[in-house]
Amino acid sequence: MAEVVKNLIELLKLEALGDNKFRGHSQDLGFAKLFGGQVIGQSLSAAAQTLSGRFPHSLHAYFIRPGDAHNPIDFSVEPIRDGRSFSVRRVIASQFGKPILAMTASFQVEEAGVNHQVAMPNVPGPEVLEPELKIYRQHANEIPEKIRNQFTADRPIEYRIVEAQNPFRPRHGIGKRHMWIRSTAPLPDDPLIHQSMLAYTTDYGFLETALMPHGISIAQPGLILASLDHAIWFHRPFRLDQWLLYVADSPSTSGARGFVRGQIFDQQGNLVASTTQEGLIRLEGNEQ
């Protein structure tokens, strides 16, 4: 297993402190603040460790304060209800005694039922696309030196974007993109590992979809970009060590906020998960 993938699995495991409390380490990815996907993935892992025989089908999270990428995170899980089919957990992630994220997650026993879904878009496959990391490395001279190593380092998740372009000189376009995603090494069979890692993955590059109609670069001076909330629905089983298509679109930006939504398909066309997010998009000293 690739070292970066092994490190991510360990990052999401957490240390049990007893009484439904856990502690997790932080990871510096070169962003100004702690990567929100990490806190979501760890919060889901914490909630899942308080029950057995049930798997998450949805989570709803609010980012309350920016996290510090250089300090550990404490997770407190409150069992809200354990019914015959569903269990609900509330998770508070904290640093320095103050909450940085609040999440509610619902778990369900495996059940059969009616089945339908939307069709998967017809887009080029991952085999004909370049990895996003290769594009970042090609434009490394445009990345600020203090974060260049983090942005060009090996990653646990590979992204191949159909609408790929220079992220530092984007073109105006429609608010929609298609990203193939996959772990860079095989993963264990534990479904929770795949779900926690997908929760981690879905926050990366998601809100940037709302910048596409405006031709705004993530490195544009004065841009403040921050996740405000994030929701995931798990529909069907999947493996993150096999290619998944993440279809993201942004139907609206207003009031210094951007709204994005996503659908995730496996290569057989099964809709395995859906996502939504609203985030802060503020351009200080600029008008859009």
Side-chain angles (χ1 to χ4, degrees), residues 12 36-37 40-41 43-45 47-48 54-61 85-88 103-129 132 157-164 174-183 186-187 189-210 212 227 229-252 258-279:
L12 297 172
I40 295 172
S43 296
L44 180 60
S45 175
R54 302 182 180 200
F55 295 95
H57 69 88
S58 70
L59 64 84
H60 301 260
S85 301
F86 292 88
S87 293
V88 178
M103 186 185 84
T104 301
S106 183
F107 296 74
Q108 183 186 13
V109 298
E110 187 174 352
E111 294 186 55
V114 296
N115 196 352
H116 83 274
Q117 66 163 77
V118 298
M120 177 182 179
N122 184 16
V123 298
E127 66 279 354
V128 300
L129 302 172
E132 185 194 46
I157 307 295
E158 182 176 348
Y159 296 79
R160 298 192 179 195
I161 303 173
V162 174
E163 299 83 4
I174 62 172
K176 187 167 188 175
R177 65 176 174 174
H178 305 78
M179 302 175 282
W180 289 100
I181 57 176
R182 182 181 68 173
S183 66
L187 299 175
D189 292 334
D190 183 353
L192 180 61
I193 290 177
H194 294 259
Q195 290 171 313
S196 297
M197 286 184 65
L198 184 67
Y200 170 97
T201 303
T202 56
D203 189 43
Y204 179 82
F206 194 22
L207 187 56
E208 292 172 34
T209 310
M212 295 174 67
S227 301
D229 61 19
H230 194 94
I232 305 174
W233 293 263
F234 298 103
H235 305 307
R236 294 172 177 84
F238 63 90
R239 293 192 65 94
L240 191 53
D241 52 9
Q242 298 174 4
W243 285 113
L244 301 174
L245 178 65
Y246 194 3
V247 183
D249 78 293
S250 177
S252 176
F259 176 68
V260 288
R261 57 192 178 185
Q263 295 175 319
I264 302 173
F265 299 85
D266 64 19
Q267 284 192 289
Q268 290 70 49
N270 297 305
L271 179 66
V272 302
S274 297
T275 58
T276 60
Q277 184 178 95
E278 189 174 48

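This one's a predicted model, so the numbers in the text were calculated from it and none came from an experiment.
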- Identify the heavy atoms of P121 and V247 that sit nearest to each other, and give their distance. CG-CG2, 3.8 Å
- Query: Taking atom NE2 of H178 and atom OG1 of T209, what is their separation to the nearest 0.5 Å?
  - Reply: 10.5 Å
- Task: Return yes if some donor-acceptor pair links the side-chain N/O of W180 with the main-chain N/O of P124 below 3.5 Å, else return no.
- Result: yes
- Task: Taking the side chain as every heavy atom from C-beta outward, state whether L44 and I232 have any pair of such atoms under 4.5 Å apart.
- Result: no
- Could you tell me which residues satisfy side-chain hydrogen bond (donor to acceptor under 3.5 Å, both in side chains) with H60, sequence neighbours excluded, listed by chain and number? none
- NE2-OG distance between H57 and S87, expressed to the nearest 0.5 angstrom: 9.5 Å
- Query: Rounded to the nearest 0.5 Å, what separation is found between the CD atom of E163 and the CD1 atom of I174?
  - Reply: 7.0 Å
- Query: Taking only residues two or more places apart in sequence or in another chain, which ones pass side chain to side chain contact (heavy atoms under 4.5 Å, CB included) with T276?
  - Reply: A231, W233, F259, R261
- Message: Using side-chain heavy atoms (C-beta onward) and a distance below 4.5 Å, is R54 in contact with V109?
- Response: yes
- Task: Can you measure from CD1 (I40) to OG (S196) and round to the nearest 0.5 angstrom?
- Result: 11.5 Å
- Item | Heavy-atom donor-acceptor pair, H194 side chain to L240 backbone, under 3.5 Å | yes
- Minimum side-chain heavy-atom gap P126-Q267 below 4.5 Å: yes
- Message: Measuring from atom OH of Y159 to atom CD of E132, what distance do you get when rounded to the nearest 0.5 angstrom?
- Response: 8.0 Å
- Task: Kindly give the heavy-atom pair with the smallest separation between S227 and L207, and that separation in Å.
- Result: N-CD2, 4.4 Å
- Message: For Q242 and D266: C-alpha separation, side-chain torsions, deciding distance, then whether side-chain hydrogen bond (donor to acceptor under 3.5 Å, both in side chains) applies.
- Response: CA-CA 8 Å; Q242 298 174 4; D266 64 19; over 6 Å; no
- Just wondering, more than 12 heavy atoms not from E110 lying within 6.0 Å of its CD? no
- Query: Applying the ring pair (Phe, Tyr, Trp, His ring centres under 6.0 Å) test to Y246, which of F206, Y204, F238 qualifies?
  - Reply: F206
- Message: Just to verify, what does D190 make a side chain to side chain contact (heavy atoms under 4.5 Å, CB included) with, not counting sequence neighbours?
- Response: L192, I193
- What are the two closest non-hydrogen atoms of S183 and I157, and how far apart are they? CA-CD1, 4.0 Å
- Message: For the backbone of G269 and the side chain of Q117, can you confirm whether one donor and one acceptor N or O come within less than 3.5 Å of each other?
- Response: yes
- Query: Is a side-chain donor or acceptor of R236 paired with a backbone partner of L271 at a separation under 3.5 angstrom?
  - Reply: yes
- Query: Is a donor on one side and an acceptor on the other found under 3.5 Å between the side chain of R239 and the backbone of L187?
  - Reply: yes
- Message: If I compare all heavy atoms of P237 with all of V272, which pair ends up nearest, and what's the gap?
- Response: O-CG1, 3.8 Å
- Task: Write down the atom of L198, the atom of A273, and the distance for their closest heavy-atom approach.
- Result: CD2-CB, 4.1 Å
- Message: Please check: side-chain N/O of T201 versus main-chain N/O of M197, any donor-acceptor pairing under 3.5 Å?
- Response: yes
- Any chance the rings of F55 and F234 have centres within less than 6.0 Å? no
- Give the minimum heavy-atom separation between L245 and M120, together with the two atoms involved. CD2-CE, 3.7 Å
- Item | Separation between CE of M212 and OG of S250, rounded to the nearest 0.5 Å | 10.0 Å
